[in-house]
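Data first, discussion second: the structure below is written as structure tokens.
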Protein chains: 2
Amino acid sequence: MTRAEENYLKALYHLSDHNDAMVSTTELADRLETKPSSATDMLQKLHEKSLVAYTKYKGAKLSSEGRKKASQIVRKHRLWEVFLVDKLNFGWEEVHEIAEQLEHIKSPELVERLDEFLGCPTTDPHGDPIPDQKGHVVTISKSLLADQPVESSTILMGIKDSDADFLTYLSQKGIKLGSCITVLEKEPFDQSMTIEIDGQTLFISKTLSTNIYVQTL
Amino acid sequence: MTRAEENYLKALYHLSDHNDAMVSTTELADRLETKPSSATDMLQKLHEKSLVAYTKYKGAKLSSEGRKKASQIVRKHRLWEVFLVDKLNFGWEEVHEIAEQLEHIKSPELVERLDEFLGCPTTDPHGDPIPDQKGHVVTISKSLLADQPVESSTILMGIKDSDADFLTYLSQKGIKLGSCITVLEKEPFDQSMTIEIDGQTLFISKTLSTNIYVQTL
DNA sequence: ATAAATTTTTAGACTAGACTAAAAATAGTT
DNA sequence: AACTATTTTTAGTCTAGTCTAAAAATTTAT
Ligand SMILES: [Mn+2]
Ligand SMILES: [Mn+2]
Ligand SMILES: [Mn+2]
Ligand SMILES: [Mn+2]
């Protein structure tokens, strides 16, 4: 499998959002910052290889074999992210780009040894679950901070959009995985919130609260 | 820089053997398991980029810029080998293939953090020196075991041909970096030797003794 | 110094992956 | 239902990197 093939499989994995929904060529092309015609080419190739179920004009989804391959890439990506943050002290906003390369290293043995070295983590630095060798993920029920009622106490479990600027902003405010968040106020007209996070009071926009996953205590 | 370009630069680095000797296209092609015509193509390209000094029919050698790039790849290769052996407990015969991939990961920050994480090692698991950020290597004077006189006591400092089968064989015999070797006997007709290594007596062929670097005590 | 053998380069073809432009299919609108 | 707008596919082109076969240069041998 080439790097390009792997990137397409991974994109399909993320876009189908676990409910093996059909993905259109434009969605796929947008995600990979390429053109729909290129996506069509690749989908036809991956269909030939039985990694993708693709029907002209109707979109594509991963085959079970394709999903397994994709989950292995995601597994590697997230394990390397843990390595970079836990062992090399990178910030969570710096690791995605590097993991994007490391995920393509081919060595099953390496993955398992890395996993063990890291203490078999179940989530990556952004709160996303790490698939096991078989591609299974333990899904932790989490809800959006935006949907929490006033007075509720929660713990920050994940970031929806792991954009580097967004992650940097969160770090600056001292917002990180495991932070305790209590909703103090919610403005009905623009859904902005006043929250207490690890003791300090913060005012946050709707954009922010819809990109943060929390777990109710 | 593409992966292929990097592999060509690295091959030139190793073949020119520090004395910036001219390297022929066939040598280069053999090393990279490709054809001379492919090597010619790439040399012309790298010459265009001023990374290689190449003159038709006369061979090629690295420019100072090219040598610097090459040394950075070698640096990465060897640092990753240290990581794999020291942190992930791989055997020294297993790491070359994986490092061959890892050496192409692009992130200067990663290299420096990895270096620090590993305690800034100066040699890799096969006894080869790790170039610093500027491409400088600390050359430790070592000689071939084959050239040692009878009765001399030495320490194993490196392996010349890091072929996986050879490394596995050495491990099986308990031969590793740092082992104390005393030459007990030398047969004049075929240069085979009887040695004492870490207490045990071993009979070794010329092939073996010409692939082991030692330092005299 | 010529001729033969070897090495090196060129020319032409191939694949993976991407792109543009045009054609075909689908979806949306009157 | 027919027309329009959008999406998707096809056709053709491009680059990187490889290969084979042929041509050119160099080296070796006579
Ligand atoms: Mn990737
Ligand atoms: Mn992540
Ligand atoms: Mn390599
Ligand atoms: Mn090595």
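In what follows, chains are A, B, ... by sequence order, proteins preceding strands, each numbered from 1. What you see is a predicted model; the values in this text were computed from it and never measured.
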Need one value for A:Ser38: base, sugar-phosphate or nothing, where a base atom within 4.0 Å counts as base even if backbone is also close, heavy atoms only.
base
Checking B:Arg3, B:Lys76, B:Lys10 against B:Glu100 for salt bridge (Lys or Arg N to Asp or Glu O under 4.0 Å), the one that qualifies is B:Lys10
Whole angstrom is fine here: how far is it from CD in B:Glu5 over to C1' in D:dT15?
12 Å
Looking only at D:dA16, D:dT7, D:dT10, the nucleotide nearest the B:Thr2 side chain is D:dA16
Under 4.0 Å: is that the gap between some side-chain N or O of B:Tyr54 and OP1 or OP2 of C:dT8?
no
Donor on one side chain, acceptor on other, A:Glu65 and A:Ser50, under 3.5 Å:
no
Flag the pair B:Arg75 and B:Glu103 as a salt bridge only when some basic side-chain nitrogen lies within less than 4.0 angstrom of an acidic carboxylate oxygen.
no
What's the CG-C1' distance between A:Leu43 and D:dT7, to the nearest Å?
14 Å
In whole Å, I'd like the distance from the CG atom of B:Leu28 to the P atom of D:dT18.
11 Å
Below 30° counts as parallel, above 60° as perpendicular, anything between as tilted: where do the rings of A:Trp80 and A:Phe83 land?
perpendicular
Distance, rounded to the nearest Å, where A:Tyr8 contributes OH and C:dA16 contributes C1'
11 Å
Less than 3.5 Å apart, any donor N or O on the side chain of A:His96 or A:His126 sitting next to an acceptor on the other?
no
Write down the protein N/O and nucleotide N/O pairs, taken from nucleotides 21-28 of chain C, whose separation is under 3.5 Å; answer none if there are no such pairs.
{"residue": "C:dA25", "atom": "O4'", "partner": "A:Tyr57", "partner atom": "OH", "Å": "3.4"}

Looking at A:Asp132, A:Asp115, A:Asp124, which hits salt bridge (Lys or Arg N to Asp or Glu O under 4.0 Å) with A:Arg78?
A:Asp124
Looking at C:dT7, I'd like to know if its phosphate oxygens (OP1 or OP2) sit under 4.0 Å from a side-chain N or O belonging to B:Ser24.
no
Whole angstrom value for the distance that separates C1' of D:dG12 from NZ of A:Lys35
17 Å
Rounded to whole Å, how long is the line connecting atom NZ of B:Lys49 with atom C1' of D:dT15?
12 Å
Quickly work out the B:Asp30 CG to C:dT8 C1' distance and round it to whole Å.
13 Å
Just N and O in the side chain of B:Thr40: are any of them under 4.0 Å from OP1 or OP2 of C:dT10?
no
Taking D:dT9, C:dT20, C:dT9 as options, the one with an atom nearest any side-chain atom of A:Pro36 is D:dT9
Would you mind checking if A:Lys106 and A:Glu6 are paired as a salt bridge, meaning a charged N to carboxylate O distance below 4.0 Å?
yes
Distance check needed: D:dA11 P versus A:Gln44 CD, whole Å only.
10 Å
